[in-house]
2 protein chains.
Amino acid sequence: MSNGITDRTPPADVTERLGYRLKRAAATLRGAMDKALREHGLTVPQYACLELLDQQPGLSNAELARGTFVTRQSMNVVLRGLQDAGLITRPATTDHGRALPAHLTEEGRRRLAAARSVVYAIDQRMTDAVPPKRLSVLLADLDRMAETLGG
Amino acid sequence: MSNGITDRTPPADVTERLGYRLKRAAATLRGAMDKALREHGLTVPQYACLELLDQQPGLSNAELARGTFVTRQSMNVVLRGLQDAGLITRPATTDHGRALPAHLTEEGRRRLAAARSVVYAIDQRMTDAVPPKRLSVLLADLDRMAETLGG
DNA sequence: TTACTCATGTCAGGAGTTTGACATAGGAGC
DNA sequence: GCTCCTATGTCAAACTCCTGACATGAGTAA
């Protein structure tokens, strides 16, 4: 059966398929972040939102949704929560268009800084699990996988 | 700043971190599977459950939950749905212990076979996106990442 | 101007998932 | 025997997220 030509059929064992492994790694990461962030009073989408806003102040609801891989509707409730908690500000109206630019408050920056330390630790532990020389290749492969499926 | 020693601090740009890329790839895969499976009347957890049961008949609710990375409670709902749809069977009682072994019905096997084709196609497209020589290494790295975080 | 298209923000409803809790069954150790 | 400890199944409530839908604003072209 082994003829030197790459097998183009997914393994019969589900757990040997790329999709399963990808899901497993992502689920584990999600669980670790969820647990760590809970002690900081933040959910994963909330943290992701704060992180994006810190790097790109003024992002709109729709832009944040795309950046965190959720729908506009989901991001809307996240933003409302962050707004109620006083971590971000958003104008009620705007001169041009409908997009409402969001910005971090001082408190938001503080909470983000605190939460960032624990998330960094997790990301670093995970990154250390892969040989340094393979990291850039791994990142590129993950990107290709996403792009191929229309991400 | 580049001194030949591997940088041990996560990139400031969130989108350059391993966690972000991993989430992106997983989210894209989830979206593709979700869309494809909807035409077969199945959700992703339902499909995963059927696939596991096909390979390992008699798995219990808790075992299926661990295998699909959800809680027992979630899997309980999934199993109830599959049972109502006549795709699996589960005894009401058992002689030994509390674990109730689940099994596919004939209809369950048919639906799984139909759904499997579209999922295989997605998995294959994704797998083809990474150079064949790197596939086994990629799988190993994903595993290491999960194990490091306690998966 | 008008009509069309697209992106955005938002509301309503429902499906899926989680946390927290409780009762039951088996095994290990005393 | 008895007591922990663990694992399992299940219920209830809350939360998260999504699908579907609608209205608004901007740009484009007839």
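Every heavy atom of this structure was used, including side-chain atoms; hydrogens, water molecules and symmetry mates were not. The chains referred to below are lettered A, B, ... by the order of the sequence lines, with proteins before strands, and numbering in each begins at 1.
Residue pairs meeting the side-chain hydrogen bond (donor to acceptor under 3.5 Å, both in side chains) criterion with at least one partner in residues 16-27 of chain A, sequence neighbours excluded, are Glu16(A)-Arg21(A), Arg17(A)-Tyr47(B), Arg17(A)-Tyr120(B), Arg21(A)-Asp143(B).
Side chains of Gln124(A) and Thr127(A): no donor on one and acceptor on the other come within 3.5 Å.
If you measure from atom CD of Glu39(B) to atom P of dT19(D), you get 14 Å, rounded to the nearest angstrom. Look at CG on Leu42(A): it is 16 Å from C1' on dC15(D), rounded to the nearest Å. As a whole-Å value, the separation of Arg98(B) CZ from dA23(C) C1' is 7 Å. Distance Arg38(B) CZ to dA15(C) C1': 12 Å, rounded to the nearest Å.
Of the inter-residue distances, the one linking Asn61(B) atom CG with Gln73(B) atom CD reads 8.5 Å to the nearest 0.5 angstrom. Here the CG-CG distance, from Leu42(A) to Leu82(A), works out to 7.5 Å after rounding to the nearest 0.5 Å.
The side-chain heavy atoms of Gln83(A) and Arg90(A), taken from C-beta on, include a pair separated by under 4.5 Å.
Within a heavy-atom distance below 4.0 Å of DNA chain C, the residues of residues 51-83 of chain A found are Ser60(A), Asn61(A), Ala62(A), Arg66(A), Arg72(A), Gln73(A), Asn76(A), Arg80(A). For the contact set between residues 21-37 of chain A and DNA chain C, defined by any heavy atom under 4.0 Å, there are no members.
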Show the numbers, then the answer: is there a salt bridge (Lys or Arg N to Asp or Glu O under 4.0 Å) between Glu107(A) and Arg110(A)? CA-CA 5 Å; Glu107(A) 176 67 10; Arg110(A) 272 193 295 270; 2.9 Å; yes
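Leu59(B) and Leu112(B) end up in the same hydrophobic cluster when Ile, Leu, Val, Met, Phe, Trp and Tyr side chains are linked at under 4.5 Å.
Note on Asp128(B) versus Arg125(B): no salt bridge recorded, every NZ/NE/NH1/NH2 to OD/OE distance being 4.0 Å or above.
Toward the 5' end of DNA chain D, the nearer of the two residues Ala99(B) and His96(A), judged by each one's closest nucleotide, is Ala99(B).
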